[in-house]
Amino acid sequence: MSVIGPPPGREEGEEILAGVKYVLRLDEDLSGFYALAVGDPELSWVTRGAGRMVRGSTVFEEVVKTLCTTNCAWSATIRMVSALVEHLGEKAPGAPETGPLGRAFPTAHAMAGAGEEFYRDVARAGYRGRYLLTLARSVAGGDLDLESLDADPEELPDDELYRRLVALPGVGPYAAAHVMMMLGRYSRLVLDSWTRPTYARLVGRDEVTDQEIEGRFSGYGSYKGLAFWLYLTRGWLPEKPDLRAIPYLPSGTAAEGVQGSS
DNA sequence: CGTCCAGGTCTAC
DNA sequence: GGTAGACCTGGACGC
């Protein structure tokens, strides 16, 4: 890393550790999912410790990033998100003056403060600029509390969470399912122009209906979205590593083997 | 150079 | 409730 600074004190160190645990979802209990997967020859491999989706620090970040994946190539997503971070994100001490490295994801306040020209001319977000600005202004103005969506399922059931997400500007079925995955809510499949053909290819078909995909993973109940995602991304994992020890590793290199998305 | 479309959504029928 | 058309952008592709 080129980002340097004074070593953290005890309190700051604990904050950093807590942040890392949160983002890497290290303390999530997936035993219920593994119990279902172990009987599925095509997914039993996940029980060696797969399934922790890397997530952002805030729900706001997840929604913004997800909006930047809609109806565009992945390269465009990278461009938009990088521009937001580089130009609107707070810079860490010692971070480079330019570029997205060493910067936090921008706050809603920072994004609300950027004008339409920024979204059009710098982020080049196209029609998504309006969605991003509307969202940021609502959150910054206190009219919308996105962070409250990161709640326990008993308090906020998946169906209600879904309804609230699709009510957001620019968020439809795909984006809502994607954000839910990032929030540890796996009851909905992320169906889009990448996952559909990828699934079809893996099962050796030209095309597959959404209904057929739903059927394949229906046995996973509230974990079906996670099962689908891992089915699609198996090839992203290295062959060997046993990840089971990760939640309890006191230190070291646990994160290197973890695969997820974001 | 024009068309198509990529990790979709919204609006208007 | 289901379905065309429009929507920003910029690579990929055909001509």
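Here is the naming used below: chain letters follow the sequence lines, and residue numbers restart at 1 for every chain.
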Checking all strands, does [X] fall into the base, sugar-phosphate, or nothing category for heavy-atom contacts under 4.0 angstrom?
X	answer
L168(A)	sugar-phosphate
V190(A)	nothing
T195(A)	nothing
G126(A)	base

To the nearest Å, give me how far apart [atom1] ([X]) and [atom2] ([N]) are.
X	N	atom1	atom2	result
E116(A)	dC8(C)	CD	P	12 Å
L191(A)	dG7(B)	CG	C1'	11 Å
R120(A)	dT9(C)	CZ	P	9 Å
L133(A)	dC8(C)	CG	C1'	15 Å
L132(A)	dC8(C)	CG	C1'	12 Å
Y127(A)	dT9(C)	OH	P	11 Å
N71(A)	dA6(C)	CG	P	14 Å
R196(A)	dC5(B)	CZ	C1'	15 Å

In Watson-Crick or G-U wobble terms, both distances under 3.5 Å, what is the partner of dC8(C)?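 Answer to the pairing question: none, since dC8(C) forms no Watson-Crick or G-U pair.
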
Determine whether a donor-acceptor pair (one donor, one acceptor, N or O, separation below 3.5 Å) exists between the side chain of Y131(A) and the base of dG8(B).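 No.
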
Measure the acute angle between the ring planes of W236(A) and W229(A), then classify it against the limits of 30° and 60° as parallel, tilted or perpendicular.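 Answer is perpendicular, since the angle exceeds 60°.
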
Nearest of [options] to any side-chain atom of [X]?
X	options	result
P173(A)	dT9(B), dA6(B), dG10(C)	dT9(B)
R124(A)	dT9(B), dG7(B), dT9(C)	dT9(C)
W194(A)	dG7(B), dT9(B), dC7(C)	dG7(B)
S193(A)	dT9(B), dG7(B), dC7(C)	dG7(B)
R128(A)	dT9(C), dT9(B), dC8(C)	dC8(C)
D192(A)	dC7(C), dT9(C), dG7(B)	dG7(B)

Does the aromatic ring of W74(A) sit over the six-membered base ring of dG7(B), closer than 5.5 Å centre to centre and tilted less than 30°? yes

Could you tell me if R188(A) sits above the aromatic ring of Y162(A), with its cationic atom closer than 6.0 Å to the ring centre and no more than 45 degrees from the axis?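 So R188(A) does make the cation-pi contact.
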
Does the structure place the NZ or CZ of R55(A) under 6.0 Å from the centre of the six-membered ring of Y22(A), at an angle of no more than 45° from the ring's axis? yes

Taking atom [atom1] in both [N] and [M], compute the distance separating them and give it to the nearest angstrom.
N	M	atom1	result
dC5(B)	dC8(C)	C1'	13 Å
dT3(B)	dC7(C)	P	16 Å
dG8(B)	dG1(C)	P	25 Å
dG7(B)	dT3(C)	P	24 Å

Between the side chains of R196(A) and D210(A), is the shortest nitrogen-to-carboxylate-oxygen separation below 4.0 Å, so that they form an ion pair? yes

Verify, without hydrogens or angle tests, whether T195(A) (side chain) and V190(A) (backbone) share a donor-acceptor contact under 3.5 angstrom. yes

Are the ring centres of F217(A) and Y231(A) closer than 6.0 Å? yes

Nearest heavy atom decides the nucleotide; on that basis, is C72(A) or A176(A) closer to the 5' end of DNA chain B?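 Looking at DNA chain B, the more 5' nearest nucleotide goes with C72(A).
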
